[in-house]
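Here the structure is laid out as structure tokens; the discussion comes afterwards.
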2 protein chains.
Amino acid sequence: MTTAPPSPRVLPHPARDEIRLESVLHALSDPVRMRIVSELAEAEAALSCSRFDLPVTKSTTTHHFRVLRESGVIQQVYEGTAKMNGLRREDLDALFPGLLDALLTAARGQAARDGA
Amino acid sequence: MTTAPPSPRVLPHPARDEIRLESVLHALSDPVRMRIVSELAEAEAALSCSRFDLPVTKSTTTHHFRVLRESGVIQQVYEGTAKMNGLRREDLDALFPGLLDALLTAARGQAARDGA
DNA sequence: CCCGTACTACGATGTCTATCGTACGAGCCG
DNA sequence: CGGCTCGTACGATAGACATCGTAGTACGGG
């Protein structure tokens with residue numbers, strides 16, 4: 001065949017210059033998503049969705065990962081049955097210098113205050 | 001009388017340690033509110049609500065200022081008929097070091113990219 | 001070839017939110 | 001006092017969103 005079957009195995013990402021600050025802030029204004037990003041930053045590597053122990057169902061987890069991807073915060077690639085998630089640190093640092101680190105630090109501080 | 005009349009002339013603000021990162025990010029994920037905060041930061045002083053030329057009605061403006069106040073981003077004080085708005089820079093810097101500056105820089109960059 | 005695992009798609013739902021218009025309260029000024 | 005300006009309150013509305021359950025698709029292993 002000349003036309004390949006429309007495999008949804010590749011996921012749409014915004015290009016670097018399409019990433020909007022409002023969208024990033026909106027994405028990170030949800031505690032579940034901020035937690036995902038924090039864990040991803042600590043791991044410093046791509047993680048599969050199932051590596052996260054989140055207090056929501058799998059449907060909702062899928063939703064949150066999609067919001068993060070569509071806002072340009074993370075990158076998602078299929079790898080067999082798993083979907084690997086990686087932080088788009090280079091793009092974010094280029095667009096918004098210092099923002100990601102400030103956010104991660106802020107999230108750690110907030111978590112410490114909450115836990116104590 | 002012993003009980004003063006319930007004057008709504010004083011506005012409730014969250015204490016410093018009640019400010020939540022999620023709320024701040026949510027507040028700033030709206031372009032109108034981010035614009036307010038940017039102008040406030042440039043002014044480096046308290047401004048009355050009417051000093052802003054926003055693309056929404058007065059009702060909506062009141063709403064946005066309230067969201068910013070309740071999230072702890074700004075401080076509001078009545079001064080005659082005017083309501084003065086000031087950035088809570090010290091509180092934010094203490095809670096989330098570097099975050100406010102990174103956000104303001106990011107907003108400037110985004111605006112520059114949009115304008116060009 | 002069949003099954004299990006990983007993730008998605010779709011539909012439903014209740015809540016939140018941005019927006020508006022209109023009507024009102026509070027302080028200043030002539 | 002009378003009016004003006006600044007800002008609020010309230011109600012309405014349309015859209016977004018977080019959450020879930022169920023049913024389905026893709027891939028790898030026995």
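Letters go in sequence order (proteins before strands), and every chain restarts at 1. Below, all heavy atoms of this structure are taken into account, side chains as well, without hydrogens, waters or symmetry copies.
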Side-chain donor-acceptor contact under 3.5 Å, B/T60 with B/T57: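 There is such a pair (donor and acceptor under 3.5 Å, judged by atom type) between the side chains of B/T60 and B/T57.
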
A/R16: partners by salt bridge (Lys or Arg N to Asp or Glu O under 4.0 Å), with sequence neighbours left out: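 Salt bridge (Lys or Arg N to Asp or Glu O under 4.0 Å) list for A/R16, sorted by chain: A/D91.
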
Side-chain ion pair, B/R88 and B/D93, N-O less than 4.0 Å: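 Looking at B/R88 and B/D93, the cut-off is not met.
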
Roughly how many Å is it from [atom1] in [X] to [atom2] in [N], rounded to a whole number?
{"X": "B/Y78", "N": "C/dC28", "atom1": "OH", "atom2": "P", "result": "13 Å"}
{"X": "A/E22", "N": "D/dA16", "atom1": "CD", "atom2": "P", "result": "15 Å"}
{"X": "B/E79", "N": "C/dG27", "atom1": "CD", "atom2": "P", "result": "13 Å"}
{"X": "B/R69", "N": "D/dG7", "atom1": "CZ", "atom2": "C1'", "result": "12 Å"}
{"X": "B/I36", "N": "D/dG7", "atom1": "CD1", "atom2": "C1'", "result": "14 Å"}
{"X": "A/L11", "N": "D/dA26", "atom1": "CG", "atom2": "P", "result": "13 Å"}
{"X": "A/N85", "N": "C/dA6", "atom1": "CG", "atom2": "P", "result": "14 Å"}
{"X": "A/M84", "N": "D/dC27", "atom1": "CE", "atom2": "C1'", "result": "15 Å"}

Step-by-step side-chain hydrogen bond (donor to acceptor under 3.5 Å, both in side chains) determination, A/Q76 to A/R69: CA-CA 7 Å; A/Q76 295 191 294; A/R69 169 170 49 82; 2.7 Å; yes

Donor-acceptor pair, side chain of A/E18 and main chain of A/A15, under 3.5 angstrom: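 Yes, the answer is positive, given that a donor and an acceptor are paired below the 3.5 Å cut-off.
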
Strand contacts (DNA chain C) in residues 45-68 of chain B, 4.0 angstrom heavy-atom criterion: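 Within this stretch, B/V56, B/T57, B/S59, B/T60, B/H63, B/H64 sit under 4.0 Å of the strand.
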
Separation between CG of A/D30 and OG of B/S29, rounded to the nearest 0.5 Å: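 One gets 11.0 Å once the value is rounded to the nearest 0.5 Å.
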
Candidates D/dC6, D/dA18, C/dA18 - which lies nearest the side chain of B/T81: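 In terms of side-chain proximity for B/T81, the closest of D/dC6, D/dA18, C/dA18 is D/dC6.
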
